[in-house]
Amino acid sequence: AQTVTQSQPEMSVQEAETVTLSCTYDTSESDYYLFWYKQPPSRQMILVIRQEAYKQQNATENRFSVNFQKAAKSFSLKISDSQLGDAAMYFCAYMEGGTSYGKLTFGQGTILTVHP
Amino acid sequence: EPEVTQTPSHQVTQMGQEVILRCVPISNHLYFYWYRQILGQKVEFLVSFYNNEISEKSEIFDDQFSVERPDGSNFTLKIRSTKLEDSAMYFCASRAFFGANVLTFGAGSRLTVL
């Protein structure tokens, strides 16, 4: 079974600084997708960024970028120019490309605190 | 922007009671999901649903749980006889078509079992 591990239960960053959240995953599949979801105190799940495993180029969305290391099975999220509104729980998630397409496996989450 | 709507936002029930959580997925989406998040824990997959039948279910999704799409818009999760450990946030999600890999989540329904 696929597993997703986030080894940092909590992280903190100063406003305007950069922070990196770590995620590793375990799979024997070659076709899969990786995601970072943000969960603010409202507990809504908001998609931050996604990466297709077949793409070598790292995904970027404005201040958010990923470092996807396929061989190492690592998928970290970098938040640049951190803002107070970035404070939330961040979940790394994996989706298989086969018969379980659409089923997400989540990591344990990392609580991000942003200090003014 | 289209969104997934869930009701109720919060429900309190007594142990042993039946609960129905409702979801209105995005109108042109074809694949539907329920996920659960016990407070302080990770989000867990419960069930996926396509073409009016369950595609996949997790070990959590036992005989106490059922899903259906009674009409063209609603997607419901029923818990027949709630237990204390069913207290959690339940998220509905939908996905557009076969190749779409993005799930859109609803805001969640918080279930408290007393």
Side-chain angles (χ1 to χ4, degrees), chain A residues 1-10 21 23-25 27 29 31-55 59 61 66 68 75 88-111, chain B residues 1-6 8-10 23 25-26 29-51 54-61 75 87-112:
Chain A
Q2 288 79 16
T3 57
V4 178
T5 302
Q6 293 178 248
S7 58
Q8 305 155 318
E10 297 183 31
L21 308 184
C23 172
T24 58
Y25 58 95
T27 184
E29 304 292 328
D31 181 22
Y32 56 89
Y33 305 85
L34 297 164
F35 304 83
W36 280 97
Y37 278 89
K38 171 185 178 181
Q39 187 180 46
S42 67
R43 299 188 77 179
Q44 171 92 47
M45 296 291 287
I46 302 165
L47 177 66
V48 175
I49 199 166
R50 60 177 162 162
Q51 174 82 42
E52 291 87 348
Y54 63 83
K55 289 187 177 178
E61 287 286 343
V66 298
F68 174 47
F75 182 62
M89 173 80 93
Y90 286 81
F91 289 100
C92 178
Y94 166 99
M95 180 191 294
E96 186 183 307
T99 54
S100 292
Y101 197 86
K103 172 186 168 186
L104 288 167
T105 301
F106 286 88
Q108 303 93 321
T110 297
I111 298 172
Chain B
E1 188 173 330
E3 58 181 30
V4 175
T5 305
Q6 290 187 241
S9 57
H10 185 200
C23 170
I26 294 173
H29 283 195
L30 302 177
Y31 297 82
F32 313 112
Y33 305 85
W34 283 102
Y35 286 81
R36 181 182 82 174
Q37 184 184 29
I38 294 172
L39 186 63
Q41 298 187 22
K42 65 179 177 180
V43 180
E44 299 173 292
F45 168 79
L46 287 179
V47 66
S48 58
F49 191 86
Y50 169 71
N51 199 26
I54 291 174
S55 308
E56 186 173 355
K57 59 183 180 180
S58 72
E59 293 175 354
I60 303 167
F61 195 88
F75 177 52
S87 294
M89 194 76 157
Y90 289 82
F91 291 100
C92 174
S94 67
R95 180 167 67 91
F97 52 86
F98 177 74
N101 57 37
V102 174
L103 270 64
T104 302
F105 282 82
S109 291
R110 184 154 69 103
L111 176 65
T112 301

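Protein chains get the first letters and strands the later ones, always in sequence-line order, with residue 1 at the start of each.
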Using a 4.5 Å cut-off on heavy atoms from C-beta on, say whether the side chain of Phe75(A) contacts that of Tyr94(A).
no
So what's closer than 4.5 Å to chain B heavy atoms on [X]: side chain, backbone, both or neither?
{"X": "Leu47(A)", "answer": "side chain"}
{"X": "Met95(A)", "answer": "side chain"}
{"X": "Arg50(A)", "answer": "side chain"}
{"X": "Glu52(A)", "answer": "side chain"}

Chain A contact via Phe91(B) - which portion, at a heavy-atom distance below 4.5 Å:
side chain
Check whether Tyr35(B) gets within reach of chain A through its side chain, its backbone, both or neither, counting any heavy atom under 4.5 Å.
side chain
Under 3.5 Å, is there a donor-acceptor pair between the side chain of Gln44(A) and the main chain of Phe105(B)?
yes
For Thr110(A), does its backbone N or O pair with a side-chain atom of Gln8(A) as donor and acceptor, under 3.5 Å?
no
Can you tell me how far OH of Tyr37(A) sits from CZ of Phe106(A), rounded to the nearest 0.5 angstrom?
6.0 Å
Between Gln6(A), Met89(A), Gln108(A), Met45(A), which shows the greatest number of heavy-atom pairs under 4.5 Å with chain B?
Met45(A)
Can you give me every donor-acceptor pair (side chain of residues 38-49 of chain B, partner residue at least two apart or in another chain, under 3.5 Å) with its distance?
from     : atom 1 : to       : atom 2 : distance (Å)
Ser48(B) : OG     : Glu56(B) : N      : 3.1
Ser48(B) : OG     : Glu56(B) : O      : 3.4

Please name all residues satisfying side chain to side chain contact (heavy atoms under 4.5 Å, CB included) with Thr104(B), sequence neighbours left out, ordered by chain then number.
Val4(B), Ile26(B), His29(B)
